[in-house]
There are 2 protein chains.
Amino acid sequence: MSHRDDSVETIQRELTAFARRARATAARMHPELSLVSFTLLAHLEDQRGCRATDLAAHYLLDKSTVSRQVSALERLGFVERRVDPDDHRVQVLHLTDEGAEMLANVTASRRVAFHERLADWDEADLDRFASYLLRYNAAQEAVE
Amino acid sequence: MSHRDDSVETIQRELTAFARRARATAARMHPELSLVSFTLLAHLEDQRGCRATDLAAHYLLDKSTVSRQVSALERLGFVERRVDPDDHRVQVLHLTDEGAEMLANVTASRRVAFHERLADWDEADLDRFASYLLRYNAAQEAVE
DNA sequence: ACTTCGGGTTGTACTGTACAACCAGTTGAA
DNA sequence: TTCAACTGGTTGTACAGTACAACCCGAAGT
């Protein structure tokens, strides 16, 4: 097996290991906000509101899944819906103040965790690692 | 925000994005073998058999979860249990021939997928990406 | 011999997910 | 202008994966 194959094998194995663990780790760290909910809230913040359909398309989720997730987030008071006056079918979703606050808390503690894990990396390595992940995910997105 | 913070932020975001997608992608690619089942089978192959408890410890899963996963894999004919003659409580799990074959098939097609995704990477980048992932996961394991 | 320990299973409950059927607005074409 | 097709969203249903707690059984140490 070539060195190249070897590297691909390692990348495959390690990314898989990471994926397997990620949800459980997130759940342990933030029992109050699942990885998916967190992601959806972050997207809402990022986009300053969007439609449920947009979330579904962006994250490759079924619209029913998004509908239920959003309902849960609404029940928790983290999200509110505003009917679009131009098209009464659509509900534009927005973060509430509580949602924004919760998101900020979770983001902050995630940030701390990541910083700890990466504390002994030098800046050049961090930079390269980040760019590799971006490149990998961009390629992934392109084929899905 | 420093360049360092920026890189950490990106790493966090991209790893999270990857994790979110991994299960769904795996399920689409291999409806016959979930990411978890695949991982368990791979571990069995790697270790040439082990106990359910070992799987639970290694993957931070509850023993009941492993018990059910293993039952499913046994029903599918991919795994067999052999009672340990020295301790009648323990069942040593082994891949069956069908299990090994299925694992080989899935491994092969996963390998192809990863090779495609990484086709235009040069060898030095692959090598560094692999080593970064190893380093990251090793650090992660240490704290869990 | 009795207690405690360790490996494993079962009951139960919850989350995340998909698919299909549906409802309610919107839009375009006959 | 009306009706069919489309679009955004919800609900019914089903399933995988997971955890926790209660339990069973065999092993080990006192």
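Chain letters run A, B, ... following the sequence lines, proteins first and then strands; every chain starts at 1. We use all heavy atoms of the structure for the numbers below, so side chains are in, but hydrogens, waters and symmetry mates are not. None of these values were measured; they are calculated from a predicted model.
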- Parallel, tilted or perpendicular: ring planes of A/Tyr136 versus B/Phe129, cut at 30 and 60 degrees: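 Ring orientation of A/Tyr136 relative to B/Phe129: tilted.
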- Message: Please pick, from D/dG17, C/dG16, D/dT10, the nucleotide with the shortest atom-to-atom distance to any side-chain atom of A/Arg81.
- Response: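 Of all the options, the side chain of A/Arg81 is nearest to D/dT10.
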Rounded off to whole Å, could you give me the [atom1]-to-[atom2] distance for the [X] and [N] pair?
X       : N      : atom1 : atom2 : value
A/Leu40 : C/dT15 : CG    : C1'   : 14 Å
B/Leu93 : C/dG7  : CG    : P     : 13 Å
A/Leu60 : C/dG16 : CG    : P     : 18 Å
A/Asp84 : C/dT27 : CG    : P     : 11 Å
B/Arg82 : C/dG8  : CZ    : P     : 15 Å
B/Leu76 : D/dA16 : CG    : C1'   : 13 Å
B/Leu61 : C/dG7  : CG    : C1'   : 16 Å
B/Glu74 : C/dG8  : CD    : P     : 13 Å

Sequence neighbours excluded and cut-off under 3.5 Å, please list the side-chain donor-acceptor pairs for residues 35-46 of chain B, or say none.
residue : atom : partner : partner atom : Å
B/Ser37 : OG   : B/Ser34 : OG           : 3.0
B/Thr39 : OG1  : B/Leu35 : O            : 2.6
B/His43 : ND1  : B/Tyr59 : OH           : 3.0

Counting only N and O atoms by type, is there a donor-acceptor contact under 3.5 Å from the side chain of [X] to the main-chain atoms of [Y]?
X        : Y        : answer
A/Asp84  : A/Val90  : no
B/Thr25  : B/Arg21  : yes
A/Thr96  : A/Gly77  : yes
B/Asp125 : B/Asp122 : no

Quick one: is [N] close enough that its OP1 or OP2 comes under 4.0 Å of any side-chain N or O from [X]?
X       : N      : result
A/Arg20 : D/dT18 : no
B/Ser67 : C/dT10 : no
B/Gln91 : C/dG7  : no

- Compute whether any side-chain donor of one residue and acceptor of the other, for A/Arg128 and B/Ser7, lie under 3.5 angstrom apart.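 Result is no, nothing qualifies.
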- Interface with DNA chain D, restricted to residues 41-59 of chain A and to heavy atoms under 4.0 Å: A/Arg51, A/Ala52, A/Thr53
- Is it possible for you to say whether A/Phe114 and A/Leu103 belong to one hydrophobic cluster, with membership spreading through side-chain heavy-atom contacts below 4.5 Å?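 A/Phe114 does not cluster with A/Leu103.
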- For the side chain to side chain donor-acceptor pair (under 3.5 Å) test, which of A/Arg48, A/Arg82, A/Glu80 pairs with A/His94?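 Single pass found, and it is A/Arg82.
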- With heavy atoms under 4.0 Å as the rule, sort A/Ser34 into base, sugar-phosphate or nothing.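 Sugar-phosphate contact only - A/Ser34 comes under 4.0 Å of backbone atoms but never of a base.
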- Query: Using a cut-off of 4.0 Å between protein heavy atoms and nucleotide atoms, how would you tag nucleotides 20-30 of chain D 5' to 3' with B, S and -?
  - Reply: BB----BS---
